[in-house]
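In what follows, a structure is listed as structure tokens, so that the remarks can point back to it.
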Amino acid sequence: MSAETVLEIRGLHKYFGPTHANKNINFTLKKGEIKGLIGENGSGKSTLLSQIAGIYKYDEGEMLLNGKPYAPANPLDANRAKIAMVTQELGVVDKLPVGINVFLGRLDQFAKNGVVNLKKLNQAAAQVFEKWNLPPVPLGALMTGMMIEQRKIVELARALSVEPDILLLDEITQSLSLNNRNNLYALIKRLKEMGKSVIVITHDIDEMLAISDSITVLRDGEVVGDVKTSETTAEQIRYMMVGRNISGDYYRADNKVDYQDEVVLKAENVTIPGEIEDVSFELHKGEILGFCGLSDSGIHSVGKAVFGLSKITSGSIRLVATGEEIKSAPDAVRRQMAYVPKDRDNEALMIHASIHHNCTLPSLDELKGSVGYLSPSKLKKLSDDVVANMSVKCTGIGQTMDALSGGNKQKVNLGRWLAKDLKVLVLDCPTRGVDVGVKSYIYGLMKKAKADGIATILISDELTEVLGMADRLVVMKDGRIIKTIRRDEEFTEHSVIEVMI
Amino acid sequence: MQQKSLSTKDTPGSKSELKAKLTFAGIFIVGVAVVFFIFNLLTHGNFLEWQNIKIILANMVYPSFMAWGMCFLFACGYNDMSWGGVVVLASFATGVFANMYGLVAGLIAGVLVGTVLVFINFCIFAYTKIPSWIASLSLAMIYEAIAVFLYRGKSTKALVEAPMAKELRIFGLLPWSLVVLAVGFVIIYFVYNRTIIGYNIRAIGGNANVSRALGVNVRKTLLWVGLICGLIIGITSFLQESYAGITTVKTGLASILLIFQPLAIALLADILQKKINIIIAVPVCAFLLYAVFNMMTLMHIPSGTLQEALLCLFIIVFAVVGQRGVKEVVK
């Protein structure tokens, strides 16, 4: 172990029942190193970080922290060893204030005889936000009702509050909008300058190449590559991840606006107080209409509004052919619309129910017989078809959703809608938390939907994604549409960012 | 990542938060005053008579304590249907020991029985995987059976007794019952809002997995809930016995009826908690609830099913009004 090495992992194994989640992991992290950890969904990345962070205990092997054996019994143990993690799934406690969430589990440092000094705690929390230049979040407010981005920032503050020597970030960037993503990169750079080490999990290979010093690739729980970032390419990383070549050109190759003249859906002067204001647009048959913007731009609220999930105080969303107004989600489903929300675990899927139940739910109306009878064989066929068509990796349609990896969850989420005869598809960050292979697959599905004449709204925090797929791109800021750019105009990252800022 | 510096307006106790709370309190007080004025008109001026207000105040004390207990219970995400059975046994202990050894002995006996039984419940919740509502229904039947056993040899009709001597029932009377309420309020407010255990209880109810991952000992916290709720239920039993002077043994899960009114108070308080702290909301809601009951009695609406049906209607209207403007999580 060199003097520079802060963390060394030797022959580590982790089992979850019959699943061998991490196999003989060997891994080193140097002082001031930014290490990227990448792999397909279900390759064991989060499991590995969770063991370093004390969330799971490892079954075999050893970890050395600064040359000494390290086996954290719990996350507090890891915190005491100056290791902190921002997890992909766990999140925050809704019913508690932000300040308490920052120090939850460590409240005793602000307590005397069990009584918490809230003033002192909030001052300390404010100092964390100020020290690391985090966007302000009201410290006294309950987490309930806060946006996913604010929640991630509170989690980041919580991790930074332990003054970590090693910071573990599990897919945090995909929850952040472009501005806060850039700010996170600056924070990582600052940590590096301070001699701190960071391990970052992200599915965005370009992002990883831009911010990391070295990259470790996992496949099926094993380390299959450990390379210096300066000595590798995106193609090599993709190859190591999936064990085969994946074309980097999975976005649309054309530069033309390609949709039919028929307007399918029209939004006129839609306003949701505090979220979006006076939003109007038309969506054409076979079009992919992209929405992008910085945090609080309101892009995610547009998706909810179109699908009838938000209460619109003025304006309307109508299907042009029939003139019907979409006022609720059941309205939308009846009128052949589908919505894939950003937060699939909480808003899209019945996470503890089976794949079968999740697949069939949106199609029950179509599958029911004349007296409302649901034929088990028809339901089963639908689920089997979704699993087969989407290549969902599972033990069968009876498997519960929570046992699937992020990418396979998203395949079920998308597949159950695509099994229907759709007119409008609303996708909010459809590739959030999925690996490059699934990403490529989802883009393929979007291209097919486009060719089939489905009108798609694509909302994304990833500019490259909307630029790669959209015919027209709506740029939003502070809840309003600032500009709509066509694919055949100046359709570049630079020009869009100029508008966004 | 700095967009603007954190200001003190973001912290609790700040001027803007205080202003918002005062505005709500003002609107709420005016609203209640208007409702009470209408009640007074409907009851030909009887409702706002001081003697009548005293009846409402005396009625609300022990249900408020049980409702506070429920605040802790719901905060940690559990249910306990056996508290009616616990109150029967603890009230019985209060009456018997107070008569034999005096008021202090009655208090200690009631609190001890209440605490031990509720703590046992939470040990079962914490160490088994039985859903709490199922386990607590079984426990309620066991506690009812124990109560019947203690009355062994008596007929069903004789299962009502008045064991506590009248001179020992001072804490069931004003102003002492209100003094207990005030002291209880201060302590419970403090535990719920200012202690590590209070935050941990709310944390495991909010998200047990996150709490566990952040180092909160979920099982230990559950046992703390059992201890705190047990103490509160013990005091509830002492106050119930002091107020009513009798212990009615229930069978066939009828002890659950004892929970109903405190449950209504806790639910109303839960609705109000987006505006005011739930511990403060409990006595406020208890007063409102018993004011509604009282008004119905003054209007000669038959007590029992009809009053309870109207009460439920009141809760639904209150819930609908209270939930207005509640925002879901924006992802």
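FYI, side chains are in, hydrogens and waters are out, and symmetry mates aren't considered; it's all heavy atoms of this structure. Predicted, not measured: the structure shown is a model, and the values here were computed from it. Below, chains carry the letters A, B, ... as their sequence lines are ordered, and counting in each starts from 1.
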Checklist line | Top contributor to chain B interface from A:N113, A:I100, A:L76 [non-hydrogen pairs under 4.5 Å] | finding: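 Top count of heavy-atom pairs under 4.5 Å with chain B: A:I100.
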Item checked: A:E275/A:K311 salt bridge by N-O under 4.0 Å criterion ->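 Result for this pair is no, no salt bridge flagged.
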Next item on the list: Determine, for A:D94 against A:R151, whether the closest basic-nitrogen to carboxylate-oxygen distance falls under 4.0 angstrom.
Entry: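 A salt bridge links A:D94 with A:R151.
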Margin query: Surrounding OH of B:Y192 (heavy atoms of other residues, nucleotides or ligands, distance under 6.0 Å), is the total greater than 12?
Written below: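 Count over threshold, so yes.
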Next item on the list: Go through the atoms of B:N200 and report whether side chain, backbone, both or neither lie under 4.5 Å from a heavy atom of chain A.
Entry: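 The answer is the side chain of B:N200.
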Next item on the list: Measure from the ring center of B:F125 to the ring center of B:F122 and say whether it is less than 6.0 Å.
Entry: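 For B:F125 and B:F122, the ring centres are under 6.0 Å apart.
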Note to self: Which atoms of A:D108 are under 4.5 Å from chain B, going by heavy atoms: the side chain, the backbone, both sets, or neither?
What the structure shows: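 Both backbone and side chain of A:D108 come within 4.5 Å of chain B.
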